[in-house]
Enquirer: 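Take a look at this one; I'll ask things after.
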Amino acid sequence: AYAMFQTEGFEAISMRRLAAEIGSTVMTVYRYYPRKIDILKALWARIFTTLFDRLDELATDQTDPAQRLRAIALGYVRFWLNHRDHYF
């Protein structure tokens, strides 16, 4: 789903097509994801979990609150610059 949404856009992909791509029935996909937006939400949750885990690591390395905030802010910007494909 991630690759398909990236290349063709969210609106262009149907649940039926997603099911065909993974070799499943559309009803099986609907069992896990009632709507296509639920698939997108799951993808975003995975991306944000990765981001927040990284920011937690950066924050843990700093004891000074100002340095912690700076590390988190820079880490946030770096993440999106290094993962532009996630943003779009």
Side-chain angles (χ1 to χ4, degrees):
Y2 177 79
M4 292 171 70
F5 291 159
Q6 282 287 32
T7 58
E8 300 177 45
F10 178 78
E11 294 298 326
I13 307 302
S14 68
M15 293 289 271
R16 187 171 306 282
R17 179 140 173 251
L18 283 168
E21 286 289 322
I22 63 171
S24 179
T25 67
V26 72
M27 291 312 296
T28 299
V29 174
Y30 276 117
R31 182 177 303 151
Y32 294 97
Y33 301 99
R35 300 169 302 158
K36 186 171 61 168
I37 194 70
D38 296 317
I39 296 171
L40 186 61
K41 287 177 183 179
L43 293 170
W44 272 105
R46 189 177 303 171
I47 290 167
F48 278 109
T49 296
T50 302
L51 168 62
F52 294 143
D53 287 348
R54 178 65 184 133
L55 296 179
D56 281 343
E57 290 171 12
L58 293 170
T60 302
D61 291 343
Q62 303 295 326
T63 56
D64 177 62
Q67 290 301 320
R68 182 177 294 143
L69 180 59
R70 178 178 170 76
I72 291 170
L74 290 174
Y76 185 86
V77 171
R78 239 182 255 117
F79 179 86
W80 291 114
L81 289 175
N82 291 332
H83 300 93
R84 293 171 190 230
D85 57 318
H86 293 334
Y87 185 78
F88 296 106

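This structure is a prediction, so every number in the text was calculated from the model and none was measured.
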Enquirer: Would you say Thr60's side chain and Asp56's backbone share a donor-acceptor pair under 3.5 angstrom?
Expert: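 Confirmed, Thr60 side chain pairs with Asp56 backbone.
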Enquirer: Identify the two heavy atoms, one from Ala71 and one from Leu58, that lie closest to each other, and give their separation to 0.1 Å.
Expert: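 That would be O-CD1, 3.7 Å.
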Enquirer: Between Arg16 and Glu21 (salt bridge meaning N to carboxylate O under 4.0 Å), is one present in this structure?
Expert: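 No salt bridge links Arg16 with Glu21.
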Enquirer: If only atom types and distance count, is the side chain of Lys36 paired as donor or acceptor with the main-chain N or O of Ser14 below 3.5 Å?
Expert: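 It does not hold such a pair.
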Enquirer: Under the side chain to side chain contact (heavy atoms under 4.5 Å, CB included) test against Ile39, which residue among Phe5, Phe10, Tyr32, Trp44 passes?
Expert: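 One option only clears the test, and that one is Phe5.
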Enquirer: In this structure, would Ile72 and Leu74 fall into the same cluster of hydrophobic residues linked by side-chain contacts under 4.5 Å?
Expert: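 Different hydrophobic clusters.
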Enquirer: Using a 4.5 Å cut-off between side-chain heavy atoms of Ile, Leu, Val, Met, Phe, Trp and Tyr, which other residues end up in the same hydrophobic cluster as Leu81?
Expert: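 So far as hydrophobic clustering goes, Leu81 is joined with Val77.
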Enquirer: So do Arg35 and Lys41 actually touch side chain to side chain, heavy atoms under 4.5 Å?
Expert: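 A side-chain contact exists here, since the closest heavy-atom pair is under 4.5 Å.
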Enquirer: If hydrophobic clusters are built by linking Ile, Leu, Val, Met, Phe, Trp and Tyr wherever their side-chain heavy atoms come under 4.5 Å apart, do Tyr30 and Leu43 end up in the same one?
Expert: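 Yes, because Tyr30 and Leu43 connect within a single hydrophobic cluster, where side-chain heavy atoms sit under 4.5 Å apart.
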Enquirer: Is there a donor in the side chain of Tyr2 and an acceptor in the side chain of Asp85, or the other way round, less than 3.5 Å apart?
Expert: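 There is such a pair between these side chains.
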Enquirer: Is there side-chain contact between Asp64 and Gln62, with heavy atoms separated by less than 4.5 Å?
Expert: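 Sidechains of Gln62 and Asp64: no contact.
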Enquirer: Would you name the heavy atoms of Val29 and Ala19 that are closest together and state the gap between them?
Expert: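 In this case the closest contact between Val29 and Ala19 is CG2-CB, 3.7 Å.
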Enquirer: Does some side-chain heavy atom of Leu40 sit less than 4.5 Å from a side-chain heavy atom of Tyr33?
Expert: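 With C-beta onward as the side chain, the pair stays apart.
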Enquirer: Testing the basics here: between Ile13 and Glu8, what is the closest heavy-atom pair and its distance to 0.1 Å?
Expert: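 Shortest heavy-atom separation between Ile13 and Glu8 comes out as CD1-OE1, 3.6 Å.
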Enquirer: What distance separates Tyr76 OH from Leu55 CG, expressed to the nearest 0.5 Å?
Expert: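 Going from the OH atom of Tyr76 to the CG atom of Leu55 covers 8.5 Å.
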Enquirer: At their closest point, which heavy atom of Trp80 faces which heavy atom of His86, and how far apart are they?
Expert: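 Taking Trp80 first and His86 second, the nearest heavy atoms are CZ3-CB, 3.7 Å.
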Enquirer: Looking at Arg17, I'd like to know if its CZ atom is crowded, meaning that more than 12 non-hydrogen atoms belonging to other residues, nucleotides or ligands lie closer than 6.0 Å.
Expert: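 Atom CZ in Arg17 is crowded, with more than 12 foreign heavy atoms closer than 6.0 Å.
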Enquirer: Measuring from Ile22:CD1 to Met4:CE, what's the distance to the nearest 0.5 Å?
Expert: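 The CE atom of Met4 is 10.0 Å from CD1 of Ile22, to the nearest 0.5 Å.
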Enquirer: Look at the side chain of Asp53 and the backbone N and O of Thr50, then say whether any donor-acceptor pair between them is shorter than 3.5 Å.
Expert: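 Flag not set: sc Asp53 to bb Thr50 has no pair under 3.5 Å.
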Enquirer: Could you tell me the separation between the OG1 atom of Thr28 and the CE atom of Met15, rounded to the nearest 0.5 Å?
Expert: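 Between Thr28 OG1 and Met15 CE, I get 11.0 Å after rounding to 0.5 Å.
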